[in-house]
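These notes are about the structure you will find just below.
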There are 2 protein chains.
Amino acid sequence: MSDDNSKRLTIYDLAQLAQSSPSTVSAVLNGTWQQRRISHKLADRILALAHAEGYSINMQARALRRERSGIVGMIVPMYDNRYFSSIAQAFEAEARRRGLFTIVSCTNRDPEQEREAARMMLAYRVEHLVCTGATAPDAIAEMCAAAGVPCLNLDLPGTRAPSVISANREGALRLTLAILDRLAAAGKPEQPVLFIGGRGEDHNTRERVMGFRQARRSRGLDTSDTDVLICGYEADRAQVAFQDYVERLGGPPGALFINSTISLEGIVRWLRLRGYDLDAIVLGCFDWDPLAAAFHPRLMMARQDVPAMIERVFELIDEPAKARNRRVEVLPTLIGV
Amino acid sequence: MSDDNSKRLTIYDLAQLAQSSPSTVSAVLNGTWQQRRISHKLADRILALAHAEGYSINMQARALRRERSGIVGMIVPMYDNRYFSSIAQAFEAEARRRGLFTIVSCTNRDPEQEREAARMMLAYRVEHLVCTGATAPDAIAEMCAAAGVPCLNLDLPGTRAPSVISANREGALRLTLAILDRLAAAGKPEQPVLFIGGRGEDHNTRERVMGFRQARRSRGLDTSDTDVLICGYEADRAQVAFQDYVERLGGPPGALFINSTISLEGIVRWLRLRGYDLDAIVLGCFDWDPLAAAFHPRLMMARQDVPAMIERVFELIDEPAKARNRRVEVLPTLIGV
DNA sequence: TGGTGTTGCACAATCGGTTGTGCATTTTTG
DNA sequence: CAAAAATGCACAACCGATTGTGCAACACCA
């Protein structure tokens, strides 16, 4: 190890130590030395020296000169949720495989924070920006367009950028059918089924409601507006809305289509605290959580296929031409049916 | 908006447009223009121009010249876990408040990936590096030391860097006491209590086992080695180890101290699939998950105090002198007791 | 032996901000 | 009204890597 008495080692320092030139050192260290006809001997010497002295390249300098940062950015609403965190994790893993460095920002579903995060990412000259669960994806898409940076939406449709989303309608349809089957098997096919959770402005929620209604219609059931509670995702909201519903109905519905694990939390908490037997109610949740599955094996879940979605994202990244405002849908898989 | 016909706008372009000089533009844009006695009028004109043209600073250039990146790095083993993801989220939020940009890497508890992530972070010239749940924290600390970058450990003690950890022993002691109380209240104080999950090389696990034993000793109970199953954290491992234990014992123990929500997943899955009533077993878990709480209100959990831990981390960052290999412990809070 | 080709490397410009310094103007002071 | 001080800005040298280009030295061929 070198003495770190003052500054970090640069290629100029190495050049001096190796009695060579900065350009040669640079070529050796970035692997282009063969093209530059640097002798094997000198290359070895420089590599050994760099290693011995603990040289670390300065990525800012490289990025500046190359006019390529090697960074991809991702904006997520939050981490502490199995869905978004697995998205971030899968994205980072795939980016790493491609030699790209990932930066992720968490914007709490706040449009202002989203804009600010996008601004920073563009300032760091990300080569691609992927937005997940943003509230204002088009604003970000426009910033990216102005900067000439390709932008993708994940889990949300944007009008101004290509997007990869779950097949929300089809997934919801299948989940609903599974719920109805379970209800019929339990001998109570006529009991009410409640759709709860999500937001009205949210495209995913709207699609899922449509799938829900469509599935019921295919079974000859009509869906009253009072059986669709779009109360927000938050656990507490869902809990309050559900309690209202149960009080109006005089008891819990026969089955529930719960639109996210967050809402599931509120519903289950309420049911358990009131002493209801979860096994007596058919539960389906659009989204997946392994702990929920462990606690309630009969819980049906539409698990969004994160690995496949990330794969599609990179396919769109690879072929920007093909991507032109396309929308790719990925079918979630049903768990516990 | 400008025509983005070719490249991104630079301060040189702005200087030309404003009939001024790059240094003036730079000063105006980074807020030091008053010190440089730039007139208010000119500053306003340049700001308006920059805004109109959608100028975005190049952080690589700034970082290179300033020799300060404004970036802090964090290494976590994984995201898709409530504990680590909330750590990442809290860290990013606090860093943002301080005008720092955060980059997080997820290294899957793999020492090689950890080294690689640290190397990259140092190449990006992070100003601080915080390691959480790393398997080889000291290796990273040494890399940082060689680079002259302050390094902190979070949730793990390192010998070569200051660290912030949960008060594992005290937390485990309190959780165990709560478990024993619950067991006594259920009228079966003599039933076996099993400690399960975690890794032997893991400092946190060792401390928690000590707290567990200590609590039992304080109640006059001895702890047999067969009642401590250090089988790894993974759900499947815990499940298999637990099944073995139950088969040896001829039935489930009266109570369980489960060392992580990951292990909890395996245990609960097994119990439920075998048809056991969770309410008949006293369950305590070192770590917290809101969905688990919803499904099983009587589950006791030691919730690690992430906000407080992050606060301590930044205190150590602020006062490097004070930090000198200190170890700060933060008491987890008991949920559901 | 002179010309051509190849090998092996160094030079210097460049990426886009930052910042110490210098120098005209203008204003203030005695 | 001259000297001193303040104002307002531009110049140019960086930061550390990349890369087009140039040019010795040597090999090869006729």
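A, B, ... follow the sequence lines: proteins, then strands. Residue 1 opens every chain.
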Worksheet item: Would you say the side-chain atoms of B:D13 and B:Y55 include a donor-acceptor pair closer than 3.5 Å?
Response: no
Item to complete: Look at the side-chain N and O atoms of B:N30 and state whether any lies under 4.0 Å from the OP1 or OP2 oxygen of C:dG17.
Response: no
Discussion item. Between C1' on D:dG16 and CZ on B:R68, what's the gap in Å once rounded to a whole number?
Written reply: 18 Å
Fill in: Donor on one side chain, acceptor on other, B:S166 and B:E329, under 3.5 Å
no
Discussion item. Main chain of A:D155, side chain of A:N204: is a donor-acceptor contact present, judged purely on distance under 3.5 Å?
Written reply: yes
Worksheet item: Rounded to whole angstroms, how far apart are CD1 on B:I11 and P on C:dT19?
Response: 11 Å
Worksheet item: Is A:D318 salt-bridged to A:R98, cutoff N-O under 4.0 Å?
Response: yes
Worksheet item: If only side-chain N and O atoms of A:Y55 are considered, is one of them under 4.0 Å from the OP1 or OP2 phosphate oxygen of D:dA17?
Response: yes
Practice prompt. Sorted by first residue and then second, give each ring-ring contact (aromatic ring centres under 6.0 Å, His included) pair with at least one member in residues 87-107 of chain B; sequence neighbours left out.
Written response: A:Y124-B:F101, B:F91-B:F314
Discussion item. Rounded to whole Å, how long is the line connecting atom CD of A:Q60 with atom P of C:dT14?
Written reply: 23 Å
Discussion item. Applying a 4.0 Å non-hydrogen cut-off, can you work out what B:I57 is touching in the nucleic acid: base, sugar-phosphate, or nothing?
Written reply: sugar-phosphate
Worksheet, complete the sentence: For nucleotides 5-15 of chain D, 5' to 3', base contacts (B), sugar-phosphate-only contacts (S) and non-contacts (-) with protein non-hydrogen atoms under 4.0 Å give --BBBBBBBBB
Worksheet item: To the nearest angstrom, how far is A:R125 atom CZ from C:dG16 atom P?
Response: 8 Å
Worksheet item: Which whole-number value in Å describes the distance from B:I46 CD1 to C:dT18 P?
Response: 13 Å
Worksheet item: Is there a side-chain contact between B:S26 and B:N30 (heavy atoms, below 4.5 Å)?
Response: yes
Worksheet entry | Between C1' of C:dT6 and CD of A:Q35, the distance in whole Å | 17 Å
